[in-house]
**Student:** 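Take this structure, written in structure tokens, and hold onto it; I'll ask about it next.
Residue numbers start from 1 in every chain, and the chains themselves are labelled A, B, ... in the order their sequence lines are given, proteins ahead of strands.
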Number of protein chains: 2
Amino acid sequence: MKRKPAHYYEARARIARAMAHPSRLLILDALQEREHCVCELTELVGADQSTVSRHLAVLKGAGLVQDRREGVMVFYRARCACLSSFWNCLENVLKENLKSHAAALG
Amino acid sequence: MKRKPAHYYEARARIARAMAHPSRLLILDALQEREHCVCELTELVGADQSTVSRHLAVLKGAGLVQDRREGVMVFYRARCACLSSFWNCLENVLKENLKSHAAALG
DNA sequence: CCTATATATGGTCATTTGGCCATATAGCCA
DNA sequence: TGGCTATATGGCCAAATGACCATATATAGG
């Protein structure tokens, strides 16, 4: 079968890279429900505000979230609902990984 | 809403990190159809054999692929079919990203 | 304009990633 | 055993990532 051109995989990789951090996945999970301001997400993540702002810039750069300014605050929200069904589909893999990771630790 | 514990997001991040490279996404795409030996994948990717072997180790470590030895060759195959529907779901985001990326280049 | 608050960005540093070369390991065959 | 092929791993280095602190920008209110 013929393969897609390289820029397809680069476009996908940009999205996957944006997802490749626990804090950003936590943020995406929160934004799936409803929009949140940066201050809420900062408290949720528990890192420096500047760190969270950079995480949000990464997600926005990948097109996974949108932002909206309201006065002095900026609200972020998810741009698609593909994530949760994806992680659901992967739940078997995730369960295996959690087991083997726990075994590696203990 | 209550958030999942941190190790959930770490488990997801391990998978997302494994996906976060164009060569590995190309490999995953190929393995979605049928299993391939390392030599085929090396030719497909067009990098050093050792590089491809490491990419495969990353994918295997994330639980996304399985391997099977047959004589002197090792065949890899996908462990789940979640990827293609995920990328399909994201196609709008991807199209936007390709446009803005092209604009950034041109 | 000045102050206060919310968010973004520059600087710096430690860690991780990804590439190749060289080499080690594994299985087949003589 | 020895040689041949397929795959994996150690070593090394350049580049990217992620964290924090300090500081810049933007908006609201006095």
**Student:** Nearest whole Å is fine: how far is D:dA26 C1' from A:Arg68 CZ?
**Tutor:** 16 Å
**Student:** Does any N or O in the side chain of A:Arg79 come within less than 3.5 Å of the main-chain N or O of A:Gln66, such that one atom is a donor and the other an acceptor?
**Tutor:**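 Between the backbone of A:Gln66 and the side chain of A:Arg79 there is no qualifying donor-acceptor contact (under 3.5 Å).
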**Student:** Please tell me if A:Tyr76 has a side-chain N or O lying less than 4.0 Å from either OP1 or OP2 of C:dA8.
**Tutor:**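 The answer is yes; a side-chain N or O of A:Tyr76 sits under 4.0 Å from OP1 or OP2.
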**Student:** Tell me whether A:Leu28 shares a hydrophobic cluster with A:Val58, the cluster being built from Ile, Leu, Val, Met, Phe, Trp, Tyr side chains joined at under 4.5 Å.
**Tutor:**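 No, no single cluster joins them.
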**Student:** Rounded to whole angstrom units, what separation is found between the CG atom of B:Leu56 and the P atom of C:dG19?
**Tutor:**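 About 12 Å, once rounded to whole Å.
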**Student:** Would you mind reading off the distance between B:Arg17 atom CZ and D:dA16 atom P, rounded to a whole angstrom?
**Tutor:**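 Distance check: B:Arg17 CZ to D:dA16 P gives 19 Å.
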**Student:** B:Cys89 and A:Cys82: sulfurs closer than 2.5 Å?
**Tutor:** yes
**Student:** How many whole angstroms separate atom CD of A:Glu10 from atom C1' of C:dG18?
**Tutor:**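 Value for this atom pair: 15 Å.
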**Student:** Using OP1 and OP2 only, check whether a side-chain N or O of A:His55 sits under 4.0 Å from D:dA19.
**Tutor:**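 The answer is yes; a side-chain N or O of A:His55 sits under 4.0 Å from OP1 or OP2.
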**Student:** Return the value, rounded to whole Å, for the distance between atom CG of B:Leu41 and atom P of D:dT7.
**Tutor:**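 So the CG-P distance, B:Leu41 to D:dT7, works out to 9 Å.
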**Student:** Over how many whole Å does the gap from A:Met73 atom CE to D:dG29 atom P extend?
**Tutor:** 13 Å
**Student:** To the nearest angstrom, how far is A:Asp67 atom CG from D:dT27 atom P?
**Tutor:** 13 Å
**Student:** Name the residue closer to the 5' end of DNA chain C, choosing between A:Thr42 and B:Glu70 according to the nucleotide with the nearest heavy atom.
**Tutor:** A:Thr42
**Student:** For A:Phe75, report the nucleic acid contact type (base, sugar-phosphate, nothing); a contact means any heavy atom under 4.0 Å.
**Tutor:**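 The residue A:Phe75 makes no contact with any strand.
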**Student:** Looking across every strand, which nucleic acid part, if any, lies under 4.0 Å from A:Val74 by heavy atom: base, sugar-phosphate, or nothing?
**Tutor:** sugar-phosphate
**Student:** Distance check needed: D:dT5 P versus B:Arg69 CZ, whole Å only.
**Tutor:** 16 Å
**Student:** I'd like to know if A:Gln49 reaches the base of C:dA6 with its side chain such that a donor and an acceptor end up less than 3.5 angstrom apart.
**Tutor:** no
**Student:** Between C:dC20 and B:Thr51, is there an OP1 or OP2 to side-chain N/O distance shorter than 4.0 Å?
**Tutor:**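 Affirmative; the distance criterion is met.
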**Student:** With hydrogens left out and only the distance checked, is there a donor-acceptor pair under 3.5 Å joining A:Arg54's side chain and the base of C:dG10?
**Tutor:**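 Result: at least one qualifying N/O pair found.
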**Student:** In terms of side-chain heavy atoms of A:Ser50, which of D:dT5, D:dA22, C:dA6 is nearest?
**Tutor:** D:dA22
**Student:** Any salt bridge linking B:Arg3 with A:Glu33? Criterion: basic side-chain nitrogen under 4.0 Å from a carboxylate oxygen.
**Tutor:**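 The answer is yes: the pair qualifies as a salt bridge.
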**Student:** In terms of relative ring orientation, are B:Phe86 and A:Phe86 parallel, tilted or perpendicular, with 30° and 60° separating the classes?
**Tutor:** parallel
